[in-house]
Enquirer: 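Supplied in C-alpha cells, the structure appears directly below.
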Amino acid sequence: MTAPNDKSAPAPAANFLRNIIERDLETGTYADRPWGGSPGDAAHHASGVADPEKIRTRFPPEPNGYLHIGHAKSICLNFGLARDFGGVCHMRFDDTNPEKEEQEYVDSIKDAVRWLGFSWDADGSSHLYFASNYFDLMYRAAESLISRGHAYVDQQSAEEMRANRGTLTEPGKDSPWRSRPVEENLRVFREMREGKHPEGSMVLRAKVDMASPNINLRDPAIYRIRFAEHHNTGNTWCIYPMYTFAHPIEDALERISHSICTLEFEDQRPFYDWLLERLAEDGLLAHPLPKQYEFARLNLTYIITSKRKLKQLVDEKIVDGWDDPRMPTIVGLRRRGYTPESLQLLAERTGASKHNTWIDYSVLEGCLREDLEEKTVRGMAALDPLKLKLTNWDEVFAAGHVEPCSAPRHPHHEDWGKRSFNLTSEVWIEREDFEEVPPKGFRRLFPGNMARLKYGYVIECTGCEKDADGKVTAVLARVVPDTKSGTPGADSVKVKGVITWVSASEGVAAEVRLYDRLFTEAQPDAGGRDFLSVLNPGAKRVIQAWVEPGLAQAKPDDKFQFERHGYFVADREDHRANAPVFNLAVGLKDSWGK
Ligand code: ATP
Ligand code: MG
C-alpha cells in the first residue's frame, strides 16, 4: 500500500469496500468466530478452531461460459481484498443449475483465476468449492423453513403466480396455498423430492410478505422441480434450489464475511438477510452471518460483456473463437498480449463504487502500455515494408560486407544488455518514411535529405525506383561514412529524422496481426441497437512484415515493443520459430479516432 505522503504514486481509486472491511476489523465483527475446517452448518463450525482468516470473500461464477473482463474485475476485487486484509477468497463454482454447467468451463475459469495471479489456497487448505455439494444442507434449510411456517408449497400455475405477484405500485395477492398447514407442506415438499409431481406443477416459496414494496420479498420461489441430470449429483435430485435461496446459504456455509456482488442484486439483499436470520434462529447457521455488499459493475466502452452476445460472435464466426484477440474474454485478452498485472491495474484504477459509470477503453489500453513499457525487450520491425538500397555500400565497405550494430534491449535497463544485428546493403524501411515530394516539416527520406538509420549510419536519399504504375518499389540512398551511432563521428553530421529498419538479407519474415476495437460505437448495444451493425471491419488486419533477426527466437506469449509501433506478443497458438506470428497488443500512443 502507498504511504499517504508518498506523492509519486497515483492515489488508488476510491473503494468503499475497503472502508467497510477496515471498520469490521476494527470492531472485531468477525474476530474469534470458529471455522470448522470446511464449509458446513453451525454445529460443524462450532466444533472447529478460531478462524485463521481475518475475512472471507468468494468469487462465485456459474461454470456456463468463458470469463470476461468484468469477471476479471470481480476476481481482482475479491481476491485482492482478501489478500490485502489477511483473509482468503474462496473459489466457488455456483453449479446449482443442473443443465448448463460443463467441465470445460470449470477448467477455463480455474485457469483464468490462476493466470490473473490469485490462489484459493491459504494456511494449508484449498478453498475450492462446488455449491452442488451443499444440496443436502440446502434441502435441510428448506425443511427448516417449512417446519417453522416460513415456507409453503404453491400449486398455482406460473401465470397465476405472476398475476398475483402485483406490480411496483400494487401489492401482491396471497396464494390460496399460502396458509397450508406445516405438515401438509412437508409432505408435499417430500413428494416433490421423491419425483411424485411433474415439472412446473408446484414450487416451494418462502413466506415473507406479499405486500412488500420490494417485489423480491413477495414470497420468492426457492425450490423448483427439474428432472435433469446434474454433472455432480447425477440423478439424486429432481428438485433444485433457486439462486436467491442457494447463494446466501452457500455464503453462510463457507463462513463468508463479505459477500460482494454487482448492483443488480441490491434488491435481493433484504431476502438474503431475511433467509439467513431465519436459518440462524433455527440453529442451522450461526452469527456473525455473511453480509452482502453491492458495487457498480465494470462497463468499458467499445466492449460488450453479455455472455449471450459474446457467444453469438463466436457461433456466427464473426470472431475466430472465444480466445480471439478481439474478444473481451480473459483468454482473448491474454492472447492479445494483456498481462495479469495490466488487468490488476485496471481493477485498482477503477476502484469500487456504488454508481454505474462507463470507463473509457483507453484506460484499459493505458494500463497495458504502462505495464509493458517497463517489461518488454525492444525490437525493430518494418510493418509496411519498402526496400532501401544503399548504392555506395561496396565503395564505403566492400561487396558483401555486413556491418554489426547493437541496440539496448531496454532503454532504461542497461543491465538487460544489448541486442545485435547487422546493417546490410539493402534494408526494409516503412513505406511512410519516404516521400518523393515531402510535405512541410517532413524530416525523413526524400531526395537530397539526410536521416539516420537507427543504431547505424546517416544516409542521404538520392531518389527511388518505380514500377510501371508509378508505385515506388525501392528507395535509393548513400551511406555517409564515419557517422555510425556510438562512434566519435556520430555527431559530425546533424540530422533530424531517424529511420527504423530491418536488414533485407538477415531480417525474418513474420505474420503480424493488427488488432483494433471490435466496434465503432462506444456503447455497441445501447438502446437496443443490434451490436452486429456497428462492427469495426478494420478490427483485424493481417500483414506480412519483416522483423529484426533476434525476434525469431521469440516463444509464444513473449512480448516486445516494436520501436515506434507499439507492443506485440508472439501468438500463443500460431507462432512458430520458423514462422513467427505477432499480435498487436496496443499501440504506443492512443491513436483511436485520430
Ligand atoms: P450470467 O449472465 O450467466 O449470470 P454473469 O456475468 O453474472 O453471467 P457469473 O458467472 O454469475 O456471470 O459471474 C460471476 C461473478 O462475476 C459475479 O459475482 C458477478 O457479479 C461478477 N461480474 C460479472 N460481470 C461483471 C462486471 N461487468 N463487473 C464486475 N463484476 C462482474
Ligand atoms: Mg450471474
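Atom set for the values below is all heavy atoms of this structure, side chains included, hydrogens, waters and symmetry mates excluded. For ligands, and for the atoms within them, numbers begin at 1 and follow the listed sequence.
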Enquirer: With atoms numbered from 1 as shown, which atoms in ligand 1 lie under 4.0 angstrom from a non-hydrogen atom of Asn64?
Expert: 3 (O)

Enquirer: Going by atom types only, do Arg58 and Ser259 share a side-chain donor-acceptor pair under 3.5 Å?
Expert: yes

Enquirer: Tell me yes or no: between the side chains of Asp94 and Tyr243, is some donor less than 3.5 Å from an acceptor?
Expert: no

Enquirer: Is Thr305 close enough to touch ligand 1? Criterion: a residue heavy atom under 4.0 Å from a ligand atom.
Expert: no

Enquirer: Hey, is Arg308 one of the residues with a heavy atom under 4.0 angstrom from ligand 1?
Expert: no

Enquirer: Tell me if the aromatic rings of Trp35 and His45 count as close, with their centers under 6.0 Å from one another.
Expert: yes

Enquirer: Report yes or no: does Phe295 have a heavy atom closer than 4.0 Å to ligand 1?
Expert: yes

Enquirer: For Asn216 and Asp267, indicate whether the former's side chain and the latter's backbone hold a donor-acceptor pair under 3.5 Å.
Expert: yes

Enquirer: Under 6.0 Å from the six-membered ring centre of Tyr302 and within 45° of its axis: does the NZ or CZ of Arg517 meet both?
Expert: yes

Enquirer: Would you kindly specify which portion of Ile69 sits under 4.0 Å from ligand 1, judged on non-hydrogen atoms: side chain, backbone, both or neither?
Expert: neither

Enquirer: Where on Cys261 is there a heavy atom closer than 4.0 Å to ligand 1, on the side chain, on the backbone, on both, or on neither?
Expert: neither

Enquirer: Looking only at distances, can you tell me whether any N or O atom of Leu298, backbone or side chain, sits closer than 3.5 Å to an N or O atom of ligand 1?
Expert: yes

Enquirer: Going by the order shown, which atoms of ligand 1 are within less than 4.0 Å of some heavy atom of Ser74?
Expert: 16 (O), 21 (C), 30 (N)

Enquirer: Counting each atom of ligand 1 from 1 as listed, which ones have a heavy atom of Phe59 under 4.0 Å away?
Expert: 15 (C), 16 (O)

Enquirer: Between Ser132 and Asn232, does the side-chain hydrogen bond (donor to acceptor under 3.5 Å, both in side chains) criterion hold? Intermediate values first, please.
Expert: CA-CA 7 Å; Ser132 58; Asn232 181 21; 2.6 Å; yes

Enquirer: Which residues pass the side chain to side chain donor-acceptor pair (under 3.5 Å) test with His44, sequence neighbours left out?
Expert: Ser38

Enquirer: Any nitrogen or oxygen of Ile260, side chain or backbone, less than 3.5 Å from one on ligand 1?
Expert: no

Enquirer: Indicate, as side chain, backbone, both or neither, the part of Arg297 found under 4.0 angstrom from ligand 1 when only non-hydrogen atoms are considered.
Expert: both

Enquirer: If you measure only the distance, is there a donor-acceptor pair under 3.5 Å linking the side chains of Tyr66 and Glu104?
Expert: yes

Enquirer: Could an N or O of ligand 1 be found under 3.5 Å from any N or O of His71, whether backbone or side chain?
Expert: yes

Enquirer: So if I count the atoms of ligand 1 from 1 in the order they appear, which ones are less than 4.0 Å from some heavy atom of Pro61?
Expert: 10 (O), 14 (C)

Enquirer: With Arg513, which residues qualify under side chain to side chain donor-acceptor pair (under 3.5 Å), at least two apart?
Expert: Glu511, Asp574

